[in-house]
S.K.: 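One structure, as structure tokens, below. Some questions next.
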Amino acid sequence: MAGRLEGKVAIVTGAGRGIGRGEALALSEEGAAVVVNDLGGSTGGEGADQTPAEEVVNEIKKNGGKAVANYADVSNYDACEAMVKQALDEFGRLDILVNNAGILRDRMVFNMSEAEWDIVVAVHMKGTFNTIKHASIVFRQQRSGRIINTGSSSGLGNAGQANYAAAKAGVSGMSRALARELGSRSITVNCVAPGFIDTDMTKALPDAQRDALLGQIPLGRLGQADEVAAAVAFLASPRAAYITGTTIHVNGGMYMS
Ligand SMILES: NC(=O)c1ccc[n+]([C@@H]2O[C@H](COP(=O)([O-])OP(=O)(O)OC[C@H]3O[C@@H](n4cnc5c(N)ncnc54)[C@H](O)[C@@H]3O)[C@@H](O)[C@H]2O)c1
């Protein structure tokens with residue numbers, strides 16, 4: 001059976017590990033060629049390593065899909081322009097942009113350094129702008145495009161995450177503004193908001209905090225990366241053409257609206 005995204009081209013940022021890896025694999029399974037972006041840093045955003053992106057590209061190719069690696073830091077505006085150009089040069093078009101790359105620098109506000117604030121806002125919020133700025137020019141010209149950004153239930157406000165909550169709430173607000181700006185050209189802009197997903201980002205949590213979070217989830221377990229990816233693949237699919245400016249919460253019922 002042909003996938004829902006045959007002939008489409010996608011960029012997924014932070015796709016070397018965790019949720020982004022799941023999203024790159026899911027879009028590829030649906031037939032899309034994928035630019036697998038990942039800086040390969042630590043959860044705290046230190047360092048760089050090409051291995052995570054390369055491994056996902058190899059996995060996609062082994063499964064018969066098309067993919068190319070990109071190692072840009074999404075907080076770098078020029079590097080994001082080059083990433084969009086790479087998609088066009090490699091695959092001839094761009095249809096789907098998934099902004100997923102992210103880091104944590106958790107700290108109570110009275111202990112938080114300026115650098116810890118700046119890097120979290122730069123990666124999540126500016127990084128989301130950086131890719132959209134360049135991709136939206138392509139999408140406007142072709143009068144189609146799917147933008148899927150990554151919010152978080154933490155955007156509602158978790159103690160110790162003022163930087164992250166501000167950045168995620170910023171991504172949500174930006175997404176709604178862009179849904180209005182770009183809708184007339186048949187470009188949709190939506191968010192997925194993961195709750196408590198089993199990735200490197202959440203593995204470091206102390207047991208007590210983990211248990212407390214699990215107690216708030218009606219479905220009684222952590223989510224998996226492929227469960228977030230399924231929502232992204234739907235938002236990227238033809239079936240979601242009339243959905244824009246919304247957020248799909250993938251959180252086992254942790255927060256309801
Ligand atoms: N795991 C959760 O429970 C959860 C919950 C809510 C939201 N989220 C969000 O989902 C997204 C993915 O989280 P995850 O749990 O898979 O994290 P992860 O740490 O497992 O993976 C994040 C990936 O992003 C990459 N990355 C980090 N900074 C980058 C940069 N500047 N440029 C390019 N790549 C970069 C990392 O190298 C890493 O491979 C993030 O935006 C995160 O905030 C996660």
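Start at 1 and go down the list; that is how both ligands and their atoms are numbered. The basis for the numbers below is simple: all heavy atoms, side chains too, and nothing from hydrogens, waters or symmetry mates.
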S.K.: Just jot down the side chain to side chain contact (heavy atoms under 4.5 Å, CB included) partners of Glu55, sequence neighbours excluded, or say none.
M.R.: Thr51
S.K.: Say whether Gly151 and ligand 1 are in contact under the criterion: heavy-atom distance to a ligand atom below 4.0 Å.
M.R.: yes
S.K.: Looking at residues at least two apart in the chain, or sitting in another chain, which of them share a side chain to side chain contact (heavy atoms under 4.5 Å, CB included) with Ala236?
M.R.: Leu5, Leu27, Ile96, Ile148
S.K.: Which of the atoms of ligand 1 are close to His124, meaning less than 4.0 Å from one of its heavy atoms?
M.R.: 41 (O), 43 (O)
S.K.: Under the 3.5 angstrom rule, does the side chain of Asn76 hit a backbone N or O of Ala79 as a donor-acceptor pair?
M.R.: yes
S.K.: Does only the side chain of Asn37 get under 4.0 Å from ligand 1, or the backbone, or both, or neither? Count heavy atoms.
M.R.: side chain
S.K.: Nearest heavy atom to atom 34 (N) of ligand 1: which of Leu39, Val192, Val74 does it belong to?
M.R.: Leu39
S.K.: Does some non-hydrogen atom of Gly195 fall short of 4.0 Å from ligand 1?
M.R.: yes
S.K.: Can a side-chain donor-acceptor contact be found between Ser175 and Asn149 if the only test is distance below 3.5 angstrom?
M.R.: yes
S.K.: By number and element, which atoms of ligand 1 are closer than 4.0 Å to a non-hydrogen atom of Gly41?
M.R.: 37 (O)
S.K.: For Ala72, is the nearest heavy atom under 4.0 Å from an atom of ligand 1?
M.R.: yes
S.K.: When you measure from the side chain of Arg176 to the backbone N and O of Gly245, does any donor-acceptor pair fall under 3.5 Å?
M.R.: no
S.K.: Using a 4.0 Å heavy-atom threshold (strictly under), name the region of Thr199 that reaches ligand 1: side chain, backbone, both or neither.
M.R.: side chain
S.K.: Fit a plane to each ring of Tyr164 and His124, take the angle between them on a 0 to 90° scale, and name the class: parallel (under 30°), tilted (30 to 60°) or perpendicular (over 60°).
M.R.: perpendicular
S.K.: For residues Lys126 and Tyr77, is any side-chain donor paired with an opposing acceptor at under 3.5 Å?
M.R.: no
S.K.: Is Lys168 in contact with ligand 1, taking contact as a heavy-atom separation below 4.0 Å?
M.R.: yes
S.K.: Would you say Thr150 contacts ligand 1, with heavy atoms under 4.0 Å as the rule?
M.R.: yes
S.K.: With a heavy-atom distance limit of 4.0 Å, tell me whether Val123 approaches ligand 1 through its side chain, its backbone, both, or neither.
M.R.: side chain
S.K.: With heavy-atom distances below 4.0 Å as the criterion, list the atoms of ligand 1 near Phe196.
M.R.: 3 (O)
S.K.: For Thr131 and Val84, work out which heavy atoms get closest and say how close.
M.R.: O-CG2, 4.2 Å
